[in-house]
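Let me begin by presenting the structure, written as structure tokens, before commenting on it.
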Amino acid sequence: MDVTVKGDNGNSVGPKARASRSAELHEAVRQRLAEHDIRYTRGRQALVTTLVRLDGPESAAELHERMSLPLSSIYRSLTVLDQAGVLVRHHDADGLARFELAEWLMGHHHHLVCVDCGTVEDVELDDEAEALIDRLAEQLAEKAGFDQTGHNLEVEGLCRDCRT
């Protein structure tokens, strides 16, 4: 079983490939927003660009620290992008909302959540591990008479910094 914590995988992608992927991603977001009659403003583009670079979901305040946009604009953009299905909202144990780009843009993954500092890291599993989780989720849903449409796994604990 292989687990990759995004940001720690050591893989590098050349500038041309990154630019191409970025252009494709922005075009996909632009199309999704157009379907909802929403403009893809510069502020929304900047927010999406910032979210692409992250190793996990972040709160509006955390995003504000990274960006030169007013916090009110970030909140409005997060709401619009969330409602259009471009983002996924996660809530920690204290109810703080953190956001990341939706799976249809970034691929399926899971999370490691630090219960002390609130940091969330993206984790990708190999095919064998993902198949095991798929089977478990299907069994749980079937037992409850539930029609499963997907799954998310969040492992809670202490991150490297909080452990020491």
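No donor-acceptor contact under 3.5 angstrom links the side chains of Glu35 and Gln31, judged on distance only. Side-chain contact check for Glu124 and His110: no donor-acceptor pair (N or O, by modelled atom type) lies under 3.5 Å.
No side-chain heavy atom of Leu105 sits less than 4.5 Å from a side-chain heavy atom of Val48.
A single hydrophobic cluster is seen to contain both Val86 and Ile38, as judged by linkage of ILVMFWY side chains at heavy-atom distances under 4.5 Å, directly or through other members. Note on Val29: it clusters hydrophobically with Phe99, by side-chain heavy-atom contacts below 4.5 Å among ILVMFWY residues. The hydrophobic clustering, which links ILVMFWY residues whose side-chain heavy atoms are closer than 4.5 Å, places Trp104 and Leu101 together. One hydrophobic cluster, built from ILVMFWY side chains closer than 4.5 Å, cannot hold both Val120 and Leu153; they sit in different ones. Residues Leu112 and Leu125 are members of one and the same hydrophobic cluster, defined by side-chain heavy-atom contacts under 4.5 angstrom among Ile, Leu, Val, Met, Phe, Trp and Tyr.
Summarising the geometry of Leu54 relative to Thr50, their closest heavy-atom pair is CG-O, 3.3 Å, with the distance given to 0.1 Å. Across every non-hydrogen atom of Ala84 and Leu33, the tightest pair is CB-CD2, 3.6 Å.
Between His108 and His151, the ring planes are perpendicular. Angles over 60° get that label, and only those under 30° would be called parallel.
Within a 6.0 Å sphere centred on CD of Glu142, heavy atoms belonging to other residues, nucleotides or ligands number 12 at most.
Annotation: salt bridge (Lys or Arg N to Asp or Glu O under 4.0 Å) contacts of Glu58 (sequence neighbours excluded): Arg66. By the side-chain contact (heavy atoms from CB on, under 4.5 Å) test, Glu154 pairs with His90, His111, Val113, sequence neighbours left out. For His64, there are no ring pair (Phe, Tyr, Trp, His ring centres under 6.0 Å) partners two or more places apart in sequence or in a different chain.
Rounding to the nearest 0.5 angstrom, the gap separating the CG atom in Leu87 from the CG atom in Leu78 is 6.0 Å. Considering OG of Ser22 and CZ of Arg53, their distance stands at 7.5 Å, rounded to 0.5 Å. If you take CZ on Arg44 and CZ on Arg30, they are separated by 12.0 Å, rounding to the nearest 0.5 Å. If you take CG on Leu69 and CG on Leu47, they are separated by 7.5 Å, rounding to the nearest 0.5 Å. Rounded to the nearest 0.5 angstrom, Leu158 CG and Thr164 OG1 are separated by 10.0 Å. Rounded to the nearest 0.5 angstrom, Arg42 CZ and Ser73 OG are separated by 14.0 Å.
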Decide salt bridge (Lys or Arg N to Asp or Glu O under 4.0 Å) for Arg135 and Glu138; before the verdict, give the C-alpha distance in whole Å, the side-chain angles of both, and the deciding distance to 0.1 Å.
-> CA-CA 5 Å; Arg135 285 193 303 275; Glu138 287 171 14; over 6 Å; no
